[in-house]
Amino acid sequence: MTVRVRFAPSPTGKLHIGSVRTVVFNWLFARKMSGRFILRIEDTDRTRYHPESLVSIFDGLRWLGLDWDEGPGLEELQKAGLQDAARYAVGGPYGPYIQSNRLHLYRAVAEELVAQGWAYRCHCTPERLAQLRAEQRARKETPMYDRHCRNLPPGAISPDEPHVIRLKVPLTGQTVVHDVVRGDAVFENAQIDDQVLLKSDGFPTYHLAVVVDDHLMEITHIIRADEWFPSTPKHVLLYQALGWETPVYCHVPLVLGTDGKKLSKRHGATSIAEFRAQGYLPDALLNFLALLGWAPGEGEEQEIFSREELIARFDLFRVNRAPATFSYDKLDWMNGVYIRSLSAEALLERLLPFWQQAGLVPDPCPEGERTRLLKIVPLVRERLRRLNEVVEWTDFMFREIEPVPAERLIGDKMTPQESLIALQRVRELLASIEPFEGEAMEQPLRALAQELGLKAGQLFGIIRWATSGKQVSPPLFGSLEAIGRERVLARLEAAEQTLATLLR
RNA sequence: GGCCCCAUCGUCUAGUGGUCCAGGACGCUGGCCUCUCAAGCCGGAAACAGGGGUUCGAGUCCCCUUGGGGCCA
C-alpha cells in the first residue's frame with residue numbers, strides 16, 4: 001500500500017512556522033516511504049478566507065523545497081482568483097483539492113449519515129444554544145448540546161427548513177484512538193458532544209470535511225499538530241459510522257515560544273516569509289525544523305543533515321511527545337553553518353537580493369560589479385548568521401559614511417598629534433600603492449606601523465574608523481580594496497581634517 | 001471549570017532496568033589564534049521536577065504531588 005499523507009492548511013493568513021514543522025514531518029515521511037504528499041486547501045470557513053494566503057502557502061512550501069505530488073489544479077486555482085495559477089497548479093486524480101469545490105460530497109455524506117441513523121437534523125436556534133451554554137456554565141458544567149432534537153421523530157424537521165446536521169454520538173461506551181506518538185487513548189463517549197457536521201449554510205464543519213476528504217483521498221497517515229488530538233475521537237466515530245477504515249494517527253508536539261506558550265508573533269518571526277526575508281537558507285531551516293521534536297537517536301551526534309540524509313533517517317515512530325521550544329539562537333548558528341558551506345559564487349547569488357533591496361547594488365547587477373562583489377563575499381562569509389546581515393557589514397563599501405567623530409580617530413594609547421601623523425603617512429602610502437589590492441597593502445602598512453613605533457593593531461584601528469566609520473568591520477585590507485582608492489583617500493583626508501580641528 | 005497530554009543542562013536532545021558520578025549541540029564562559037568582529041581549536045559551568053513504590057538494581061516501570069501545555073466554551 002502506498003503511503004499517502006497530506007497537509008491541509010486553511011487559507012486564513014501567513015504560513016506559520018509551527019505548521020511548517022508539521023509539514024516537514026509529513027513530507028519527510030512521504031519521501032522516506034516513497035509515498036505521496038498531498039496539499040489540500042481547507043477553505044470552508046468563509047469568514048476568515050484570504051485568497052492571498054494561498055500564494056503565501058504555495059510560495060513558502062516551494063521555497064523550502066517541500067514539493068507536493070497532488071494539489072489544486074489549474075482550473076481550481078483560476079476559480080479561486082489566483083493570478084499566477086499556472087505556477088502553482090499540480091492537480092491529481094483525487095481532486096478537487098480545494099474544499100469549497102467539494103461541498104456536494106460533504107452534503108451527500110451528511111445525508112447518508114442521517115438516513116443511516118448516525119446523525120440527525122437539529123433546528124435549535126443560536127439563541128437557544130447560547131442560553132443553554134450560559135446555563136451550563138453557570139452550573140459549572142461542561143458546555144454540551146443537550147440533544148434536544150436528537151429524539152424528535154424522523155421527518156419532524158423538513159430538509160427544507162434551516163437546520164444543521166449533528167453526529168449522533170453513542171451515549172455509552174468508549175472510543176479508542178490509536179496514535180503513533182501518543183499510543184492508545186480512550187475517550188468516554190458520554191463526554192463527546194453531538195458535534196455539528198453540516199452547518200445551516202450547507203458548509204461542512206472541519207470535522208466532517210476532514211474525515212470525508214481524508215477517506216476519499218485515501219490518506220493513510222494523518223500527521224498533524226497535537227492541538228487536534230482532542231477532536232480525534234469524533235473523527236474516529238465518523239469513520240466507524242461510515243464503515244470506513246481509520247487512518248493511522250500521528251499527533252506531533254506543538255512548537256512553543258520561549259515563554260512556553262504556543263509560538264506566536266510576539267516571539268519574533270513566525271511566518272515562513274519572514275524567515276526568508278531575514279536571510280535564512282531553506283536547507284538550514286529545514287534541517288532545524290526536522291530536529292524540533294525528532295532526533296535520529298542511536299547515539300547519533302551529528303546535527304547537520306542534508307535533505308537526503310534527513311529523508312533517509314527520518315522515523316515517524318521516534319517523534320517526541322513533549323512540545324519543543326523554538327530557539328532562534330540555534331537556528332542562527334545552524335544557518336551560519338550552512339552559509340559557510342556555500343562557495344563564494346553560490347553565496348553571492350543568495351546575497352545579491354539583499355544588497356539590491358538595500359539599494360547598495362543596482363538591479364540587475366552589472367557584470368563588472370559582480371567581480372567586485374565576488375571579492376567581498378569571502379570577507380563576510382564567516383561573519384554572517386543571516387543573509388540580511390550583509391547590509392550592515394558592508395554598507396560602507398558602497399555608500400558614503402557619516403563624518404567620524406574625532407575621538408574615534410585617536411589610536412589606542414596615542415595622542416591626537418600622533419594619530420594625525422599616522423593618518424597622513426597611511427594616505428601617502430595608499431595613494432601610490434600598486435595595485436590597490438588587499439594583499440599588496442598588508443606588508444607596507446605593517447612596516448609603516450613599525451616605523452612609527454606603533455603596534456599594528458593601533459594603526460589598523462585608526463584606519464578602520466577613518467575608512468569604515470565603524471569599530472568593527474570585515475578584514476581591513478579587503479575592505480579598503482572594496483571601498484576603492486579614491487574613496488579611501490578622501491575618507492582619510494576627511495579624518496585628518498577632523499583631527500586637525502581638534503588640535504587647533 | 002471539564003477532558004486530555006507532557007516532564008533529562010537555560011534551549012534542542014541522546015538515553016528503551018545495570019556499561020549514566022547521565023552523552024552531544026546551541027547559548028553562556030575561560031584560553032589559544034588574531035588588524036576589529038567573526039570563524040576555527042582547546043577547556044569550563046550547567047539537567048534526570050518532588051515524593052512514594054516495584055526491583056538485587058530506576059533517568060529508564062507504576063502511583064501521587066507539583067509544574068507546564070492543548071482542546072472545549
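Checking B/C26 for Watson-Crick or G-U wobble geometry (two distances, each under 3.5 Å) identifies B/G10 as its partner. When Watson-Crick and G-U wobble pairs are counted only if both distances are under 3.5 Å, B/C33 pairs with no nucleotide at all. Nucleotide B/G1 has B/C72 as its partner under the Watson-Crick or G-U criteria, with both atom distances under 3.5 Å.
The base of B/C35 is paired with the side chain of A/R464 by a donor and an acceptor separated by under 3.5 Å.
Comparing B/A46 with B/C9, their P atoms are spaced 14 Å from each other, to the whole Å. A distance of about 15 Å separates the P atoms of B/U65 and B/G1, rounded to the whole Å. Nucleotides B/G50 and B/A58, compared at atom P, are 15 Å apart to the nearest Å. Spacing of P atoms, B/C20 relative to B/C35, comes out at 44 Å, to the nearest Å. Using P as the reference atom, B/U11 and B/A47 are 12 Å apart when rounded to the nearest Å. Only the C1' atoms considered, B/U16 is 22 Å distant from B/C21, to the nearest whole Å. To the nearest whole angstrom, the two P atoms, one in B/U60 and one in B/C3, are 27 Å apart. Spacing of C1' atoms, B/U55 relative to B/C62, comes out at 12 Å, to the nearest Å.
Of the candidate nucleotides B/G2, B/C71, B/A14, B/G2 has the atom nearest to the side chain of A/Q191. Checking B/C4, B/A25, B/A14 against the side-chain heavy atoms of A/R182 singles out B/C4 as nearest. Taking only side-chain atoms of A/W333, from C-beta outward, the nucleotide of B/A73, B/A25, B/C35 with the closest atom is B/A25. Candidate nucleotides B/A7, B/U13, B/G70 were compared by shortest atom distance to the side chain of A/A295, and B/U13 ranks first. With distances taken from any side-chain atom of A/L476 to the nucleotides B/C12, B/C35, B/C4, the minimum falls on B/C35. Here the nucleotide nearest the side chain of A/R133, chosen from B/C12, B/A73, B/U11, is B/A73.
Put simply, CD on A/E303 is 16 Å from P on B/U11, counting in whole angstrom units. Atom NZ of A/K330 and atom P of B/C28 are 14 Å apart (whole Å). Remark: C1' of B/C5 and CG of A/D184 are 15 Å apart, rounded to the nearest angstrom. The distance between atom CD of A/Q302 and atom C1' of B/G23, rounded to the nearest whole Å, is 16 Å. Rounded to whole Å, the distance from CH2 on A/W465 to C1' on B/C35 is 15 Å. When the P atom of B/C3 is taken as reference, atom CZ of A/F229 falls 16 Å away, rounded to whole Å. Atom NZ of A/K234 is separated from atom P of B/C71 by 12 Å (rounded to the nearest Å). Rounded to whole Å, the distance from CD on A/E188 to P on B/C4 is 8 Å.
Applying the 4.0 Å criterion to OP1 and OP2 of B/U13, one finds that A/N320 has a side-chain N or O inside that range. The phosphate of B/C37 (OP1 or OP2) has no side-chain N or O of A/S473 nearer than 4.0 angstrom. Note on A/R340: a side-chain N or O is less than 4.0 Å away from OP1 or OP2 of B/G40. Note on A/R318: every side-chain N or O is 4.0 Å or more away from OP1 and OP2 of B/U16. Taking 4.0 angstrom as the limit, A/R381 places none of its side-chain polar atoms (N or O) nearer than this to OP1 or OP2 of B/A39.
Both A/P296 and A/D329 sit near RNA chain B, but only A/P296 has its closest nucleotide nearer the 5' end. Taking for each of A/F460 and A/L254 the nucleotide of RNA chain B with the nearest heavy atom, the 5'-most of the two is the partner of A/F460.
For the pair A/F396/A/I483, a side-chain contact is recorded, criterion being any heavy-atom separation below 4.5 Å from C-beta on.
If you check every strand for non-hydrogen atoms under 4.0 Å, A/G336 touches nothing. Contact annotation for A/G297: backbone-only contact, meaning every heavy-atom pair under 4.0 Å involves sugar-phosphate atoms and none involves a base. When heavy atoms are screened at a 4.0 angstrom cut-off, A/W393 is found touching base atoms of the nucleic acid. No contact: A/A456 has no heavy atom under 4.0 Å from any strand. In this structure, A/P253 reaches neither bases nor backbone, as no heavy-atom distance under 4.0 Å exists between it and the strands shown. Within 4.0 Å of A/E382, counting heavy atoms only, lies at least one base atom of the nucleic acid.
Note on ring orientation: taking the six-membered ring where Trp is involved, the planes of A/F25 and A/F314 are tilted (angle from 30° to 60°). Note: A/Y239 and A/Y249 have perpendicular aromatic rings, judged against thresholds of 30 and 60 degrees for the angle between ring planes. Classified by interplanar angle (parallel below 30°, tilted 30° to 60°, perpendicular above 60°), the ring pair A/F275/A/Y280 is tilted.
Aromatic rings of A/F326 and A/Y328 (six-membered ring for Trp) have centroids within the 6.0 Å cut-off, being under it.
Within 6.0 Å of CD on A/Q302 lie more than 12 heavy atoms contributed by other residues, nucleotides or ligands. Atom CD of A/Q450 has 12 or fewer heavy atoms from other residues, nucleotides or ligands within 6.0 Å.
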- Would A/F187 and A/V236 satisfy side chain to side chain contact (heavy atoms under 4.5 Å, CB included), going step by step from the backbone distance to the final call? CA-CA 11 Å; A/F187 294 83; A/V236 171; over 6 Å; no
